[in-house]
Amino acid sequence: MNNDQILRANRQTYDAMADARNPLCQPAKDSELADPLGTLDPLGWLGKSIKGLRVLCLAAGGGRQSSLYAAAGANVTVVDLSPAMLELDRQVAAARNLSLRILETSMEDLSMLKAAEFDIVAQPVSTCYVRNIGVVFEQVARVLRAGGIYVSQHKNPISLQASPESAADGSYPIQHTYYRDTPVPPPKHTSATANRLRENGAVEFLHRWEQIIGGMCRAGFSIEDLVEPVHAKRDALPGSFAHRAQFIAPYVRIKARRQASGGQAASDDGGSKLWIPD
């Protein structure tokens, strides 16, 4: 598939999900909007306040991310490939009297945005939809000011490798190769667990850790924290999403900071220079 075909398939997938009011396309609840920063940032990565900061919600249409950041006082731009997802942002903004800048484009092309325009870039799980994750990181690095924070979530590589369904012994066998540049095949069977892990009809790519973490570093970021949100439950039924999560963390969340120097820094003698946060 060429890039245009990939974009078209993923746009159609999310347009359909938005029209169907998929759980991923639900606006924030009143209880969440009552404490928007606490909802968005339970680990405190963004500090005590983001009021007045410029935030890019990247590949984040659907009305949830944008409304929470705006309710927390940020000046919000939301970018998404899907016009139907962005329509949900417009609806939420009108209903909540929120001011949003809404742009329809791919995460691979942020050319309409100015360099160093944002203080924070927030990206929910979405990098799996592009073949070359490094291009996304380069785009983010360009529009994020030096010292700015990039919070992104990704599908765990091994989660895309493993079967959505449990085997007879309750395990989740590896089905797909790690070193690949072709899309990960869709699940063989439809199930509630498969629907949680994969978006039906979407074209998805597995990115190795060297591409995710190394790619951020090469684009000019320093990694400050990394967590794996816990979705596992001890009493979950075998084959369920929560049971599978006992074996494989489905997602990873990363905090990175834009370096002032751009890409990887080097010491005076040409060796590697390790940046350590205060």
Side-chain angles (χ1 to χ4, degrees), residues 9-43 46 50 55-74 76-107 120-129 151-156 159 164 187 190-202 204 227-233 236 240-242 244-245 249-253:
N10 289 334
R11 181 185 294 112
Q12 291 173 347
T13 293
Y14 268 88
D15 281 349
M17 289 169 60
D19 292 341
R21 292 299 192 269
N22 182 280
L24 295 177
C25 312
Q26 297 295 323
K29 301 174 183 177
D30 289 341
S31 58
E32 295 171 319
L33 287 164
D35 180 19
L37 189 57
T39 300
L40 287 165
D41 186 33
L43 297 174
L46 303 179
I50 59 171
V55 174
L56 172 61
C57 294
L58 180 59
R64 177 178 173 76
Q65 298 280 326
S66 61
S67 61
L68 286 167
Y69 278 101
V76 177
T77 298
V78 57
V79 163
D80 202 277
L81 180 68
S82 162
M85 291 288 280
L86 291 174
E87 178 57 30
L88 297 178
D89 290 276
R90 293 188 181 92
Q91 293 173 9
V92 170
R96 299 282 184 179
N97 195 29
L98 300 172
S99 178
L100 303 175
R101 178 169 62 154
I102 296 174
L103 299 174
E104 181 184 330
T105 187
S106 165
M107 68 185 94
I120 298 169
V121 175
Q123 184 172 13
V125 176
S126 55
T127 52
C128 53
Y129 305 123
V151 176
S152 59
Q153 297 184 88
H154 309 267
K155 291 189 177 182
N156 191 335
S159 185
T190 299
S191 67
T193 300
N195 290 340
R196 283 286 302 273
L197 294 165
R198 303 287 300 276
E199 287 67 56
N200 186 31
E204 297 187 59
V227 297
E228 297 169 299
V230 177
H231 295 273
K233 295 181 180 179
S240 67
F241 177 78
R244 185 181 187 269
Y251 311 113
V252 61
R253 183 177 176 90

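Nearest heavy-atom pair across Ala18 and Met85 is CB-SD, 3.8 Å. Of all the heavy atoms in Ala245 and Pro250, the pair that sits closest is CB-CD, 4.1 Å. Contact record, Ser126 with Met107: O-CE, 3.2 Å, taken as the closest heavy-atom pair. Scanning both residues, Asp19 and Ala84, for their nearest heavy atoms gives OD1-CB, 4.0 Å. When every heavy atom of Lys155 is checked against every heavy atom of Arg198, the shortest pair comes out as NZ-CA, 3.9 Å.
In terms of modelled atom types and a separation under 3.5 Å, the side chain of Arg11 and the main chain of Leu81 share a donor-acceptor contact. With hydrogens and angles ignored, the 3.5 Å screen pairs no side-chain donor or acceptor of Arg196 with any backbone N or O of Ala242.
Judged as a side chain to side chain donor-acceptor pair (under 3.5 Å), and not counting sequence neighbours, the contacts of Glu32 are Arg64. The side chain to side chain donor-acceptor pair (under 3.5 Å) search around Thr39 returns none, not counting sequence neighbours.
No side-chain heavy atom of Leu88 sits less than 4.5 Å from a side-chain heavy atom of Pro27. Side-chain contact between Val78 and Tyr69: absent, with no pair of heavy atoms (C-beta onward) separated by less than 4.5 Å.
Within a 6.0 Å sphere centred on CG of Asn200, other residues, nucleotides and ligands contribute 12 heavy atoms or fewer.
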